[in-house]
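What you see is a predicted model, and the numbers here were worked out from it, not measured in a lab.
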Amino acid sequence: PFPPTFFCTDAVVVQGGHILLIRRGAAPGKGLWALPGGFLNQQETTEDCCVRELREETKIKVPEIVLRKSITAKELFDAPDRSLRGRTLTHAFLIELDGGDGSLPKVKGSDDADRAKWFKLSEIENMSEEIFEDHAHIIFSLIGKSKK
């Protein structure tokens with residue numbers, strides 16, 4: 001009796017002034033840059049979904065325990081018209097990785113991402129036409145909540 005509502009998660013992974021994005025390999029938004037993320041499975045928490053999707057789509061060379069301990073903020077994005085896929089809510093997690101030696105973790109597009117790449121955060125403001133749906137808004141909202 002109710003129209004479907006979809007629930008997904010997104011990972012806002014930052015390190016040393018850079019952010020990790022994936023290029024979407026399928027519609028909607030094929031070819032656009034997006035946050036790593038995806039739909040929630042029935043038997044997982046939103047944090048589990050976020051970490052699973054991040055690892056599936058980017059093959060990021062960071063241990064799972066480090067990713068989980070690096071979560072510093074989270075926020076629900078639920079604007080009714082935020083997605084072309086219909087009523088879709090996303091719980092986004094800010095993952096702030098330690099800068100370490102200054103090198104960024106290796107990543108590789110996988111699953112439904114045809115590419116994964118680190119961008120300078122300063123580049124995001126000029127990429128509005130190249131970024132999927134409201135992902136730039138999600139990035140800036142969570143970066144504003146940064147505890148580092």
Side-chain angles (χ1 to χ4, degrees), residues 2-97 103-146:
F2 300 100
T5 298
F6 304 105
F7 202 105
C8 48
T9 65
D10 288 300
V12 179
V13 183
V14 294
Q15 180 178 319
H18 291 79
I19 183 161
L20 178 59
L21 298 178
I22 57 104
R23 189 170 59 197
R24 294 180 57 84
K30 182 177 181 174
L32 295 177
W33 292 99
L35 295 165
F39 291 97
L40 183 71
N41 289 335
Q42 290 297 310
Q43 300 301 318
E44 68 185 345
T45 66
T46 55
E47 182 178 311
D48 290 343
C49 177
C50 179
V51 172
R52 174 183 56 79
E53 287 285 349
L54 171 61
R55 293 173 64 85
E56 283 177 4
E57 292 186 348
T58 70
K59 302 295 182 198
I60 189 166
K61 299 293 183 194
V62 175
E64 181 175 337
I65 187 98
V66 173
L67 294 173
R68 289 179 184 276
K69 288 185 176 190
S70 299
I71 295 171
T72 60
K74 54 189 170 183
E75 185 175 347
L76 178 67
F77 294 86
D78 62 353
D81 59 350
R82 65 169 293 275
S83 179
L84 298 170
R85 299 166 290 190
R87 183 72 169 115
T88 305
L89 290 69
T90 191
H91 198 192
F93 291 79
L94 176 61
I95 300 172
E96 296 185 275
L97 298 174
S103 64
L104 297 167
K106 296 219 180 285
V107 293
K108 177 184 177 187
S110 187
D111 196 32
D112 52 0
D114 71 10
R115 187 162 178 213
K117 179 180 174 186
W118 290 99
F119 287 87
K120 289 182 181 175
L121 275 167
S122 60
E123 293 178 279
I124 302 303
E125 289 180 13
N126 299 322
M127 294 177 58
S128 60
E129 298 296 315
E130 301 169 66
I131 296 183
F132 184 61
E133 295 186 336
D134 63 345
H135 287 205
H137 168 70
I138 292 170
I139 291 166
F140 293 118
S141 181
L142 278 174
I143 296 295
K145 297 177 184 312
S146 174

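Side chains of I95 and K74 form no contact here, defined as non-hydrogen atoms less than 4.5 Å apart. At least one side-chain heavy atom of R55 sits under 4.5 Å from a side-chain heavy atom of E64. The shortest side-chain heavy-atom distance between L54 and L20 falls under the 4.5 Å cut-off. Taking the side chain as every heavy atom from C-beta outward, L35 and I131 never approach each other to under 4.5 Å. Residues D111 and I22 are not in side-chain contact: their nearest non-hydrogen atoms beyond the backbone lie 4.5 Å or more apart.
Qualifying ring-ring contact (aromatic ring centres under 6.0 Å, His included) partners for F119, counting only residues two or more places apart in sequence or in other chains: W33. Under the rule for a ring-ring contact (aromatic ring centres under 6.0 Å, His included), the partners of H91 that lie at least two apart in sequence or sit in another chain are F93. For D112, the side-chain contact (heavy atoms from CB on, under 4.5 Å) criterion is met by E57, not counting sequence neighbours. Partners of A73 by side-chain contact (heavy atoms from CB on, under 4.5 Å), not counting sequence neighbours, listed by chain and number: L94, L142, K145. Residues meeting the ring-ring contact (aromatic ring centres under 6.0 Å, His included) test with W118, sequence neighbours left out: none. For the side-chain contact (heavy atoms from CB on, under 4.5 Å) test, no residue two or more places apart in sequence or in another chain qualifies with P3. Scanning for salt bridge (Lys or Arg N to Asp or Glu O under 4.0 Å) contacts around E44 gives R52, with sequence neighbours left out. In terms of the salt bridge (Lys or Arg N to Asp or Glu O under 4.0 Å) criterion, residue partners of R85 (sequence neighbours excluded) are, by chain and number, E133.
Smallest separation of non-hydrogen atoms from G29 and R24: O-CB, 3.4 Å. Shown here for R87 and P80, the closest heavy-atom pair between the two residues is NH1-CA, 3.3 Å. Closest heavy-atom contact between A92 and I138: CB-CG2, 3.6 Å. Shown here for S110 and K59, the closest heavy-atom pair between the two residues is OG-CE, 3.2 Å. In plain terms, the two heavy atoms of L97 and S70 that are nearest each other are CD2-OG, 3.7 Å.
Separation of atoms CG (D48) and CG (N41) is listed at 10.0 Å; rounding is to 0.5 Å. Considering CE of M127 and OG of S122, their distance stands at 11.0 Å, rounded to 0.5 Å. With rounding to the nearest 0.5 angstrom, the CG atom of L21 is 13.0 Å from the CZ atom of F132. Distance check, rounded to the nearest 0.5 Å: CZ of R23 to NZ of K30 gives 10.0 Å. Atoms CG and OG1, from L40 and T9 in turn, are 7.0 Å apart once rounded to the nearest 0.5 Å.
Donor-acceptor pairing under 3.5 Å is recorded for the side chains of E75 and S141.
The salt bridge (charged side-chain N to carboxylate O under 4.0 Å, His left out) contacts involving residues 119-130 comprise nothing, where partners must be two or more places apart or lie in separate chains. A ring pair (Phe, Tyr, Trp, His ring centres under 6.0 Å) check over residues 39-61, counting only residues at least two apart or in different chains, returns nothing. Every pair tested for salt bridge (charged side-chain N to carboxylate O under 4.0 Å, His left out) that includes a residue from residues 3-20 fails, sequence neighbours excluded, so the list is empty.
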Give the table of side-chain donor-acceptor pairs shorter than 3.5 Å for residues 11-19, with sequence neighbours excluded, one pair per line with atom names and distance.
| residue | atom | partner | partner atom | Å |
| --- | --- | --- | --- | --- |
| Q15 | NE2 | S103 | O | 2.9 |
| H18 | ND1 | G16 | O | 3.0 |

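Of the listed residues (T88, L89, T90, T5), just one forms a side chain to side chain contact (heavy atoms under 4.5 Å, CB included) with D78, and that residue is L89.
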